[in-house]
*Asks:* 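This is the structure I want to talk about, given as structure tokens.
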Amino acid sequence: MSANLENLLRHPGIWRTQRGGESPHNTLSTGFAELDRALPAGGWPLGALTEILFQGMGAGELRLVMPALARLSREGRWIAWIAPPHIPYAPALAAWGVDLSRLLLVRTRSENDALWAAEQALRSGSCGAMLIWPASVDDRSLRRLQLAAESGECWGLLFRTAHVPQRSPAAVRLKLEPLPQGALVQILKCRGRAPSAALTVDLEMSSLPLTAHECERPATSS
Amino acid sequence: MLWLAIHLPDFPLEVVSRGGVSGGPRAVTDGRGVRQRLLICSDEAAALGLRAGMGLQAAYALVPELQILPRNESLEAKALANLAAWAGQFTSLVSIEPGKGLLMEVAGSLELFGGLDELRGEVRQGLVRLGYSACLALAPTPLGAWYLAVCGTEQQVTDARTLSDRLAPLPLACLGLPDSDMGALQGMGLHCVGDLVRQPRDALARRFGQQLLDRLDKALGRLPDPRRPYRPPPRYEGRAALPAEVLDMEALLFPLHRLLLELAGYLIAVDGGIQRLRLGFVHADRAPTHVMLGLSAPSRDLPHLLELTRQRLENIVLPAPVEQVELLAEQVMLLVPQEQDLFSRGKRIGEDWQRLADRLSARLGADALRGLRLVPDHRPERAWSYANPGERSQGGFTANRPLWLLAEPRLLDMHHGHPCFGSVLQLRHGPERVESGWWDGNDVVRDYYVAENRQGERLWVFREQRAKSGWFLHGIFA
């Protein structure tokens, strides 16, 4: 393949279904084998937005992203939490293997400030992931966030209620429903692959290959 | 040796007006009362027929809307010193010509800046951005360059052998002699430097003193003319006066930009960075407003400083219009050069992180950014605390803790003796007894359970056994 084409295809806006050896560069394993299999390139897309829709107080949406956040934090990248609705509980985060010293909680006074801070974090290049819980966000702001995620190679996570319009520039869009053991994950949208049937993901920490015991080891650079 | 002379013909006017965005017919005056005369006129004023030396009455008669700004010589002296400090980024030898301009020895800097034209271009562009118009001239001697610049001829004399020929046609006024001497020289029929050089030296020395001869000899390179390099002070303090009072933030960013440019040049000159910056807004009839700006690491990066300033100002409401803007950097820190190759990725993340932290705290306030740490305490709400971002903590962790903790435990409704949240809760795991804190008066005796409601939400609830008995929601397994 010519170098030009190769360069072109490296654009974060372009997703290739068959990426061979270079896939780990732009994707991050979710830590859940069944979910990795359902996502193109085998994991969360870095440098793009992921939208997770759910209802109520919680449906396992944080546990679903915890293995990937833990990995990013141990690689030294910052995890920015923009105006979280509750207190991220340090003992639980530590149990999931998150390096607490890489967490940045940002308090904001308004939704505007929160979106602004989200964009700064996405764009900065220092954050591996940015988490935000927007109450309402228009298409234009979403596109801005998507562009910022691309330029900062940051994984932008939007947690939203299930009743939001269908259109979104996010690379991945999931809907979550709680189950006794974990969650029912429905992939509503996914760049590079047609939406597939819903799958069950076991969110119990004990069933994971990548859990707390691993954070005692020095972080390995990959 | 190659000297670049910077002559600032409009300096007294620019010093008192360079903070303003808009122009207009204005003039700086010298003298007092009836002897007050226009010293320098703005372009707009000159276009309306005003000239230096005009009396105030005549000027007003011609241009009634003329804005008169009294000369401020102490501000001029400070501004010139700051300009010399700024010029230190181009060469280590900058010398001040009091009240008029600067002399810079640039022979050693040509290679660094890619040649004479490039260096001159950068100096000139920099001066324009600071709000100064200048005449630049080059010569192998400082006085030679100075005389050329004062005459407004932007000549470049790089060959010492041609220097006397190039200086010869300059009018005698460039020598800056006392009026009485000038009169006498003109009376002798002498008009240019060449005329003076051709006179018998003894006669000149007898009549005008050895000093005049020495000046000529220094200008022509026959006598050494060592210059004392200007040593910048250990801190930067800059001012930009506004010709008219301003309350609009965008209009205030304009002078701040100029001061930040000056600061950045100074920091390059002293090879330092700043971590704290004080912005001052001087009002006419009340104490100045001061705004502090903090950075997470020393920096001299102009775009970064400018952006932080802009962000910081967005949250400020000024109590009154501003007539002067000040910038103070008290502590200049050493910028440690960083390792380039080995840890370049980690280093880049570190730099980007500092920028992000600065940017966020400039707009949201420094206390808006927090980290988390573990605290060794059995009570769940005390097993953690906020921390500075990046702070490390040690501690074990307990399994089966929720990722969300509520800021305050929420009392649950009861239904036939069962706790409810959305629906009656099913207790899945527990109880886990937490009994602690008797030593600090905040003792708790609680039984914690993992519970589920009909919606499938998994909740962390406890039953308080002691003080306020009842069921409480404390966390969410999100």
Side-chain angles (χ1 to χ4, degrees), chain A residues 54-64 66 75-78 80-82 84-96 98-109 113-114 116-117 120-121 123-128 152 159 177-180 183-184 203 205-206 212 215 221, chain B residues 311 345-346 348-357 359-361 363-365 367-375 380-381 383-393 395-407 421-422 428 452-453 455-460 473 475-478:
Chain A
F54 64 97
Q55 274 176 324
M57 301 282 279
E61 75 280 4
L62 285 182
R63 281 175 285 160
L64 190 71
M66 226 18 88
E75 283 174 1
R77 302 197 70 186
W78 288 83
W81 301 58
I82 312 296
H86 306 288
I87 298 163
Y89 194 42
L93 291 164
W96 277 95
V98 173
D99 179 351
L100 295 179
S101 75
R102 293 292 102 175
L103 295 188
L104 173 68
L105 309 190
V106 181
R107 195 168 49 184
T108 59
R109 279 163 297 217
D113 274 357
W116 174 83
Q120 302 303 316
R123 202 181 287 286
S124 83
S126 60
C127 294
F159 298 98
E177 280 170 41
L179 292 176
L184 184 71
L203 296 175
M205 205 188 296
S206 54
C215 73
S221 53
Chain B
Q311 293 292 354
R345 184 177 153 82
R348 213 194 64 218
I349 289 178
E351 282 177 359
D352 291 344
W353 154 250
Q354 278 154 8
R355 274 158 201 273
L356 174 65
R359 211 173 289 154
L360 292 177
S361 50
R363 168 147 161 183
L364 306 173
D367 57 347
L369 309 190
R370 293 181 293 186
L372 291 175
R373 65 190 181 91
L374 296 170
V375 177
E381 64 269 44
W384 70 283
S385 78
Y386 287 116
N388 293 320
E391 199 176 319
R392 298 198 167 269
S393 62
F397 39 78
T398 329
N400 234 354
R401 290 284 180 264
L403 282 160
W404 284 140
L405 189 75
L406 300 194
F421 188 80
R428 297 281 182 221
E452 243 172 56
N453 61 13
Q455 290 79 25
E457 292 170 337
R458 204 195 276 204
L459 308 165
W460 203 39
L473 173 65
I476 303 149
F477 291 87

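Proteins come first, then strands; the chains are lettered A, B, ... in the order of their sequence lines, and each starts at number 1.
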*Asks:* Within the structure provided, determine whether Leu364(B) and Arg107(A) are in side-chain contact (heavy-atom separation under 4.5 Å).
*Replies:* no
*Asks:* Tell me which of these, Arg109(A), Arg123(A), Glu177(A), has more heavy-atom pairs under 4.5 Å with chain B than the rest.
*Replies:* Arg109(A)
*Asks:* Against chain B, work out which of Pro85(A), Ala183(A), Ser126(A), Gly58(A) has the most heavy-atom pairs shorter than 4.5 Å and name it.
*Replies:* Ser126(A)
*Asks:* For Asp367(B), is it the side chain, the backbone, both, or neither that has a heavy atom closer than 4.5 Å to a heavy atom of chain A?
*Replies:* both
*Asks:* Do Phe477(B) and Pro178(A) touch side chain to side chain, with heavy atoms closer than 4.5 Å?
*Replies:* no
*Asks:* Tell me, out of Gly371(B), Ala383(B), Gly390(B), Gly422(B), who's got the most heavy-atom pairs with chain A below 4.5 Å.
*Replies:* Gly390(B)
*Asks:* Determine whether His86(A) and Ile476(B) satisfy the following criterion, side-chain contact (heavy atoms from CB on, under 4.5 Å), listing intermediate values before the conclusion.
*Replies:* CA-CA 9 Å; His86(A) 306 288; Ile476(B) 303 149; 3.7 Å; yes
*Asks:* Taking the side chain as C-beta and beyond, is there a heavy-atom pair between Leu403(B) and Trp96(A) under 4.5 Å?
*Replies:* yes
*Asks:* Minimum heavy-atom separation for Pro402(B) and Ala92(A), please, with both atom names.
*Replies:* O-CB, 3.1 Å
*Asks:* Would you mind telling me which of Gln455(B), Arg458(B), Glu391(B) has the largest number of heavy-atom pairs within less than 4.5 Å of chain A?
*Replies:* Arg458(B)
*Asks:* Heavy atoms only, distances under 4.5 angstrom: which of Ala59(A), Gly76(A), Pro180(A) has the most pairs with chain B? Name it, please.
*Replies:* Pro180(A)
*Asks:* Give the ring-plane orientation class for Trp353(B) versus Trp78(A), where under 30° counts as parallel, over 60° as perpendicular and anything between as tilted.
*Replies:* parallel
*Asks:* For Phe159(A), which residues count as a ring pair (Phe, Tyr, Trp, His ring centres under 6.0 Å) partner, sequence neighbours excluded?
*Replies:* Trp133(A)
*Asks:* Please walk me through it: do Arg392(B) and Asp99(A) pass side-chain contact (heavy atoms from CB on, under 4.5 Å)?
*Replies:* CA-CA 9 Å; Arg392(B) 298 198 167 269; Asp99(A) 179 351; 3.6 Å; yes
*Asks:* For a 4.5 angstrom cut-off between non-hydrogen side-chain atoms, does Leu100(A) reach Ser393(B)?
*Replies:* yes
*Asks:* Out of Arg363(B), Arg359(B), Arg355(B), which one racks up the most heavy-atom pairs below 4.5 Å with chain A?
*Replies:* Arg363(B)
*Asks:* Can you measure from CG (Leu104(A)) to CG (Asn388(B)) and round to the nearest 0.5 angstrom?
*Replies:* 11.5 Å
*Asks:* Sequence neighbours excluded, which residues qualify as side-chain hydrogen bond (donor to acceptor under 3.5 Å, both in side chains) partners of Arg428(B)?
*Replies:* Glu452(B)
*Asks:* Answer whether the closest heavy-atom distance between the side chains of Leu372(B) and Pro88(A) falls below 4.5 Å.
*Replies:* yes
*Asks:* Does Glu457(B) reach the main-chain N or O of Met57(A) with its side chain, forming a donor-acceptor pair under 3.5 Å?
*Replies:* yes
*Asks:* Between Tyr89(A) and Pro380(B), is there a donor-acceptor pair closer than 3.5 Å when you use the side chain of the first and the backbone of the second?
*Replies:* yes
*Asks:* Taking every non-hydrogen pair under 4.5 Å, which of Thr108(A), Val106(A), Ile87(A), Leu62(A) racks up the most with chain B?
*Replies:* Ile87(A)
